[in-house]
Amino acid sequence: MPSHAKPSLEAGLVALKQGNYQTAIAQLEPIASSQSNGTASLQAQVGLVMAYARIGEASKAIAISQNLIESNNPQVQEWATRALEHLTKRQKRDQESKNVETGFVAFDNSTPDSTPVPPPETPTLEEQPKDQVIETKTDDTPPMVPLARLKATVATPLPAAGSVPLSGFMGSVTRTQAKLFGVIYWRQAQRARAWQPLRKPKLIPLRLLTAGTFIALFWVIREMLKLALGFINQTLITLPYLEPLELLYRDPTKLLLIVLVILIGVSPWLLDLLLANLYGQREFSKDVLNAHSREAVRVLQRCCQQRHWPLPKLRILPMAAPIILTYGSLPRNARIVVSQGLLEQLADDEIAIIYATQLGHITHWDFAVMSLLLLVTLPIHKLYQQVSNWGDKISGKIWRSPVTILASIVYGVWCLLTGTALWLSRLRLYYSDRVASEITGNPNALIRALLKIAIGIAADIQKQEQTSWQLESLNLLTPVSYQQSLSLGTIASNLSFESFLKWDTANPYRRWFTINNSHPLMGDRIERLCQIARHWHLDTELHFASEPSKVKRQSFLLQIAPWLGIPLGVLFAAFVWQTLELTQALQELKQTQTRLIQGEKMAGLGQLLAGVAHEINNPVSFIFGNLIHLNEYTQELLNVVKLYRQNSSLLPNVQEEIDKNDLDFLMEDLPKTLESMKVGTERIREIVLSLRNFSRTDEAELKPVDIHQGLDSTLLILGHRLKNNNERPAIEIVKKYATLPLLECYPAQLNQVFMNLLSNSIDALEEKFKTIQQRYLNLSRKCPTIPLTIWITTQVVNNQIVIRIADNGLGIPEEVRSHMFDPFFTTKAPGKGTGLGLSISHQIIVEKHHGQIKCSSKPGEGTEFLIEIPSGN
């Protein structure tokens, strides 16, 4: 193969695309006549057919087509057969029909900065002479026109000549569509010459959904606003020296509703500023639009005159991706924004009908709510973009995580807001397609436009290797979503549209799979346009086979299994979580019940002790007070008796009585008796005071108290258990009290802790004595004296009041210590313990006083409980 074959082939195809047909013929003829390069020769022959057809030399094009029919490749044969049929019919037509729109579309990577080839002036529907009016029904294959007249996007680059076999880069060929060498063949189905108006659509669903979208957007914003205001006030409460703002507690419903209504009214001007500053939007004159599509200008003018609207203000975005959108609050201030890529990649009638779809949005007034949505979400998406870019530039790992979390939160807010308009975005396109078809009578052009937009968006994403910020943020208002474009545009050069879109039209469960889509299924949308074309007796751009669906219910369930896994997993997790919550709540309820019972018992005991102490205190106080006076009176009488005996002679009978009653002994013993009575009454008063200190029924709140008083009162209450009895010797109490500050605590509850710990120590010492005594009894030996001691130590360590209660009992094994603070856990015999004492003690110290309670023990040596309570409580 000559070394210049590949450059010549590429140069010839480029010249063909630019409309330099003579140059293209000169470059392609040598390669077409070459026999050594089959693939390159076929490519050159296809290009020659297109070039000769455009310059009017149909005979040469027919001759080359006949030669291609004899090719061994079946795809080339089918393409050549269709081209030959078309060329033969064209020879029979009038020569003036050469200006009819093309059927071949070449692809290039057009960008907004590239200089577009000015399109030749083609008469619109209103300008075409009567002998050129398109027939309402035809079986002809559409004619071929120059590639420069057509605008599209690269689907796949042309392969190098001879690099791969022909079947490796040729797409499949169907009756309605052929793709060859990276070039898509469009059927170019015609438009209606005259058509009857379609039946009026039912606008109630669209109206209800528009209102529902506004309500949903309002509700989501209100709830997020309430959450943000509540978070701010909660933060102010947490921070020191700050107070919450009363204004933030007010209901923002009315104010938010007023703000949203105002935003709808001023949305055109605010969006002008946002799109100009963020995406470089600029004004777009009608004359420039006329250079790209004269029909689009006529469609806009005619529709606005019929409805008495001013012409919508035209805007353009410097984007290579083909998109168009409309925003505004009223028809008089509506804006239609088109991208540079759409003008470069669509034909005249396709641009016109795409503009007509935007008029449909204005007609149905759904563009006002979508404008509000765009106004609210654009700044949020821009913030997400800025935070994401900032996060990409951060090198430190410390800051990367907070920035990532912030970006995720902002993007989640954006998704939540845009999610309110998903259904409206999908439904409104059906209505706008219908209006556009009725305005232009050209539903086939809308089919081609939608497919070319999808291909163009896919090419732009492929070129940038990412979805641009513009496409993502404006996605809801565009005719085709970028998600649809990625799949449809990528497969365009490898599979027929009918085959690819068959799922969209045939699967009976397709709407369940796309319930969260922002745009309707492309196949379903095109099928509706084909129905309109058939209603007007037009041949359709795409032919969908009317085959019955073979999808079974089991297949549907298998297909949705991945989607069902998420909600089922969430439901299962919620069930497990609810079960754990109920279990925990039941356990807490049980503990609360037992604590209440124990608390009631302690409260009853406290009230009983307080009542007994009160009843005893009155007579004891009476006796104690009178003993003082009785002692004084007795001393005075004794003094009188002494003085009388010293200063007078006693009568015999008196002296006899004195000797009989031993007056000297009575005078000596009576003061001692009175002193003993005084000591007894003082002891009774101390017991009463201890009972009152232990019960503390009037001290339920925090109060500074002396810990030592609580310990002594508890020991006094347990005094009968400390004394010796028939079963064991007395238990010795060793106190090592340090000087402690007053502790702010709940006195009654803290006394309950002391009572529980000291009772356990006494039980442990009694169990120790019984165990040792039984051991000696079994050996028939006398049990030695066993010291039974409880040590109570208090001290202050690092602003912590430390209380130690230790004994020399049998100790606690490790397996018991790990559960000793659990509710209902006890090692005592049934009926001797509830298993609540230590659990309640732990709760009082840890939860009520924010302290700690620990236990250390050595089996056979004893146990020590350590209580630490912050002195600042």
Side-chain angles (χ1 to χ4, degrees), residues 136-137 176-177 186-192 195-207 209-210 324 346 349-350 352-361 363-364 366 422-454 476-481 483-485 487-488 496-515 517-549:
T136 59
K137 186 175 181 180
T176 59
Q177 177 190 16
W186 299 95
R187 182 175 180 81
Q188 205 68 28
Q190 298 177 359
R191 66 195 305 166
W195 60 95
Q196 294 294 329
L198 300 172
R199 181 184 301 175
K200 290 186 178 180
K202 296 179 181 179
L203 296 177
I204 294 179
L206 182 63
R207 296 280 187 263
L209 192 54
T210 303
I324 190 170
L346 267 61
D349 59 340
E350 296 161 1
I353 197 167
I354 284 294
Y355 268 92
T357 60
Q358 305 308 301
L359 293 175
H361 296 316
T363 301
H364 297 140
D366 56 77
L422 287 181
W423 290 355
L424 177 60
S425 173
R426 183 161 63 241
L427 181 63
R428 73 188 196 121
L429 293 177
Y430 288 120
Y431 287 89
S432 63
D433 290 350
R434 183 187 180 96
V435 170
S437 300
E438 196 167 16
I439 290 175
T440 62
N442 197 3
N444 288 313
L446 183 54
I447 294 174
R448 293 192 297 272
L450 295 176
L451 294 174
K452 290 181 182 180
I453 288 174
L476 280 182
L477 277 73
T478 57
V480 181
S481 68
Q483 295 96 334
Q484 290 176 330
S485 304
S487 55
L488 181 59
S496 65
F497 291 129
E498 287 91 344
S499 299
F500 181 79
L501 300 175
K502 184 177 180 181
W503 188 93
D504 295 0
T505 59
N507 194 312
Y509 305 108
R510 58 189 180 277
R511 289 182 178 83
W512 289 103
F513 290 114
T514 59
I515 193 170
N517 280 17
S518 60
H519 289 67
L521 289 169
M522 183 67 76
D524 186 41
R525 193 174 173 188
I526 291 176
E527 176 61 27
R528 297 189 183 212
L529 293 172
C530 291
Q531 291 177 3
I532 295 175
R534 289 191 291 268
H535 177 72
W536 290 334
H537 306 289
L538 296 175
D539 193 13
T540 57
E541 182 69 27
L542 298 182
H543 287 173
F544 293 105
S546 57
E547 299 179 0
S549 173

To the nearest 0.5 Å, tell me how far I439 CD1 sits from Y355 OH.
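I439 CD1 to Y355 OH: 14.0 Å, rounded to 0.5 Å.
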Separation of L206 CG from S432 OG (nearest 0.5 Å)
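If we round to the nearest 0.5 Å, S432:OG and L206:CG are 9.5 Å apart.
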With side chains defined as the heavy atoms from C-beta onward, is the minimum distance between [X] and [Y] less than 4.5 Å?
| X | Y | answer |
| --- | --- | --- |
| P205 | Y431 | yes |
| L488 | L501 | yes |
| I453 | I324 | no |
| I526 | M522 | yes |
| L542 | E527 | no |
| I447 | C530 | yes |
| I354 | L346 | yes |
| D539 | Q190 | no |

Are the side chain of [X] and the backbone N or O of [Y] linked by a donor-acceptor pair below 3.5 Å?
| X | Y | answer |
| --- | --- | --- |
| E541 | Q188 | yes |
| N517 | P520 | no |
| H361 | L477 | no |
| S425 | L422 | no |
| R191 | T440 | yes |
| D504 | L521 | no |
| W536 | Q196 | yes |
| R207 | H364 | yes |

Sequence neighbours excluded - salt bridge (charged side-chain N to carboxylate O under 4.0 Å, His left out) pairs with any residue from residues 424-439
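Qualifying pairs, neighbours excluded: D366-R428, D433-R525.
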Evaluate side chain to side chain contact (heavy atoms under 4.5 Å, CB included) for F500 paired with S487, printing each intermediate quantity in order.
CA-CA 9 Å; F500 181 79; S487 55; 3.8 Å; yes
When you look at Y430 and D524, which way does the side chain to side chain contact (heavy atoms under 4.5 Å, CB included) test go after all the steps?
CA-CA 10 Å; Y430 288 120; D524 186 41; 2.7 Å; yes
Taking all atoms of both residues into account, what is the closest heavy-atom pair of L538 and P443, and its distance?
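Distance-wise, the nearest heavy atoms are CD1-CD, 4.3 Å.
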